[in-house]
There are 2 protein chains.
Amino acid sequence: MSPVAIAPAPDEQPPVRAPLTRERVLRAATALADTGGIPALTMRNLAQSLGVEAMSLYHHVANKEALLDGVVEMLVAEVEDEIGGFTVESGVADWMPVMRGRVLAARRVMLRHRWAPTLIETRTNMPAALLRYFDSMLGILIEGGFSNDLAHHAMHAMGSRFLGFDQELFKPNAAGSESPNAAMLVDLAAHLPYLAAMLAEVAHDDPDTTLGWCNDQAEFEFMLDILLEGLERRRARLAS
Amino acid sequence: MSPVAIAPAPDEQPPVRAPLTRERVLRAATALADTGGIPALTMRNLAQSLGVEAMSLYHHVANKEALLDGVVEMLVAEVEDEIGGFTVESGVADWMPVMRGRVLAARRVMLRHRWAPTLIETRTNMPAALLRYFDSMLGILIEGGFSNDLAHHAMHAMGSRFLGFDQELFKPNAAGSESPNAAMLVDLAAHLPYLAAMLAEVAHDDPDTTLGWCNDQAEFEFMLDILLEGLERRRARLAS
DNA sequence: ACCTGAACACCGTTCAAGT
DNA sequence: ACCTGAACACCGTTCAAGT
């Protein structure tokens, strides 16, 4: 097709940059978000990082929403890699450890891309890749003995937890996160008696477990296990 | 203070618009979001709805972030109204129905302001009003027999569920939400076998329970009850 | 077919000026 | 003290033009 076999004449500069492709655009977008977060991911910034004009991007993605959808597809591919494929082994009754392992694998991907949960939440259309992931998670439930009805509830209950993240309300940013000291606690006690008491005790028990510095991984697993156990209890009720 | 008792002279036009106050600004911002969603809430739009120039707003809020923080404060006040105050009755051992009622009350407020969850999630600083709410919820747990340590886990596990919302991944917008018909399901079956089977059955059982039209309230309560029961089970273990 | 420059209609925010 | 107009530095996106 293209004259790729023809050696460039001396006066022809070989193309310094590879031609733009959808894949290159999406990869650069992910890299940009990794370094500067979602705010850094503007069409103009992205173009600059590719050594190109902003308007050139529109030949490979329809618009910014389509770009963000594409980035989510890349993320799901990374989750699939981390899990080792979305295939569902049929007849595996012990669904809980399988699902738990997948959720925590997905979580590792999200921790590599801290901006990803927020991005995923803003999508209004479910990317096809994500549908395939959810289908495989549903498959684990069904093969594990869930009815379609109970599995449906379970899908709702798990929600974003399937992808290894959860709303972390008001996560303190690096700037403002200081562990509470004695003076703060005294001040808190007046208006927030229960929080003050809890922080005083929890912070005392474990220096890494103060308001700004909770163990996110442990807390995520605490909630995950409550959900998984609650689902298993309801599944067992079906069988009896 | 102000010459409020002096009747305006005939040539003095009485002020047509009330003077701008922080409260009026925040109230107008909430109204704007109610009608047009968060995207409609721009400084210029807000000013226009108040019959004023955009720059006048900066005399009452420091910047847009402060404006949004203020809107969240209004929301929490509405939650407090709906609940009937944040006071914690001490010595009420039966914590579960109290907390459940509060969560569902908060949820009613969020359903009146569909944009609110997304807005709350984007706040990086916890508004003081919300801290008071969380303190009262923690109080219910403590008075109900939780240890500080277990209550701490519970706060994390509940997270945004305390406010009556949860991440709803890819909620279909009004435009694209059509319940799956037979043709779609056949097409789905090829690539998404489990989802297709589930939808076929669940949609058959209840016409209001298809992918795009799930019963959000029922699903929220399903998940809420799993969490509450899991927490109660762990609390009971403490006592024994 | 792919990329470009200029332009358009928006943002939040600053600043000097008005009353 | 409160409000204003013009301006600045950004956005995403359209369009006609280049090669």
Side-chain angles (χ1 to χ4, degrees), chain A residues 1-4 6 8-9 11-26 28-29 32-33 36-71 115 118-119 122-125, chain B residues 1-4 6 8-9 11-26 28-29 32-33 36-71 115 118-119 122-125:
Chain A
M1 297 296 203
S2 60
V4 73
I6 301 173
D11 56 340
E12 281 188 80
Q13 292 292 345
V16 236
R17 26 175 234 245
L20 226 48
T21 62
R22 183 182 144 86
E23 166 120 12
R24 274 193 71 217
V25 169
L26 297 182
L32 210 56
I38 295 290
L41 186 46
T42 71
M43 298 300 269
R44 284 171 161 89
N45 266 353
L46 177 56
Q48 196 177 19
S49 83
L50 286 160
V52 101
E53 293 295 313
M55 299 71 215
S56 307
L57 301 173
Y58 287 85
H59 289 275
H60 301 97
V61 291
N63 50 33
K64 188 164 187 188
E65 282 301 293
L67 171 76
L68 297 178
D69 285 345
V71 170
W115 44 270
T118 309
L119 176 67
T122 62
R123 299 304 81 211
T124 55
N125 303 317
Chain B
M1 297 298 210
S2 60
V4 73
I6 299 174
D11 55 341
E12 280 188 78
Q13 293 292 346
V16 235
R17 29 175 232 246
L20 227 48
T21 62
R22 182 182 146 85
E23 167 121 11
R24 274 193 71 218
V25 169
L26 296 182
L32 210 57
I38 295 290
L41 186 47
T42 70
M43 297 301 269
R44 284 170 160 91
N45 266 353
L46 177 55
Q48 195 177 20
S49 82
L50 286 160
V52 101
E53 294 294 314
M55 300 70 214
S56 306
L57 301 173
Y58 286 85
H59 289 275
H60 301 97
V61 292
N63 51 33
K64 188 164 187 190
E65 282 300 291
L67 171 76
L68 297 178
D69 285 345
V71 170
W115 44 269
T118 309
L119 176 67
T122 61
R123 301 303 81 212
T124 55
N125 302 317

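Residue numbering restarts at 1 for every chain, and letters A, B, ... go by the order of the sequence lines.
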>> Please report the interatomic distance CD1(A:I38) to CG(A:L119), rounded to the nearest 0.5 Å.
In response: 4.5 Å

>> I need the CD-C1' distance between B:E53 and D:dT4, as an integer number of Å.
In response: 6 Å

> Taking CD from B:Q48 and P from C:dA9, how many angstroms apart are they, rounded to a whole number?
Replying inline: 16 Å

>> Show every side-chain hydrogen bond (donor to acceptor under 3.5 Å, both in side chains) that has at least one partner inside residues 38-63 of chain B, sequence neighbours left out.
In response: none

> Going through the checks in order, is the side-chain contact (heavy atoms from CB on, under 4.5 Å) test met by A:L50 and A:L57?
Replying inline: CA-CA 10 Å; A:L50 286 160; A:L57 301 173; 4.0 Å; yes

> Quick one: B:R24 CZ to D:dC2 C1', roughly how many Å, whole number?
Replying inline: 14 Å

> How does DNA chain D look in dot-bracket notation if pairs are Watson-Crick or G-U with both distances under 3.5 Å, crossing ones as [ ], other-strand ones as |?
Replying inline: ||.|||||...|||||.||

>> Using every non-hydrogen atom in the two residues, find where A:L32 and A:A40 come nearest and quote the distance to one decimal.
In response: CD2-O, 3.6 Å

List, with names and distances, any nitrogen or oxygen atoms from the protein found under 3.5 Å away from nitrogen or oxygen atoms belonging to nucleotides 12-14 of chain C.
from   : atom 1 : to    : atom 2 : distance (Å)
C:dG12 : OP1    : B:M43 : N      : 3.3
C:dG12 : OP1    : B:K64 : NZ     : 2.8
C:dG12 : OP2    : B:M43 : N      : 3.1
C:dG12 : N7     : B:R44 : NH1    : 2.4
C:dG12 : O6     : B:R44 : NH2    : 3.1
C:dT13 : OP2    : B:Y58 : OH     : 2.9
C:dT13 : OP2    : B:K64 : N      : 2.9
C:dT13 : O5'    : B:Y58 : OH     : 3.4

N/O contacts under 3.5 Å, protein versus nucleotides 16-19 of chain D?
none

>> In whole Å, I'd like the distance from the CG atom of B:L50 to the C1' atom of D:dC3.
In response: 13 Å

>> Filter on salt bridge (Lys or Arg N to Asp or Glu O under 4.0 Å), then keep only pairs touching residues 58-71 of chain B, sequence neighbours left out; what's left?
In response: B:E65-B:R123, B:D69-B:R123

> Which heavy atom of B:A29 sits nearest a heavy atom of B:L67, and at what distance?
Replying inline: CB-CD1, 4.1 Å

> Is any side-chain N or O of B:S56 closer than 4.0 Å to OP1 or OP2 of D:dC2?
Replying inline: no

> When the distance from CG of A:L57 to P of C:dG5 is rounded to whole Å, what number comes out?
Replying inline: 14 Å

>> Tell me whether the side-chain N or O atoms of A:H59 pair up with the base of C:dC3 as donor and acceptor below 3.5 Å, since no angle test is needed here.
In response: yes

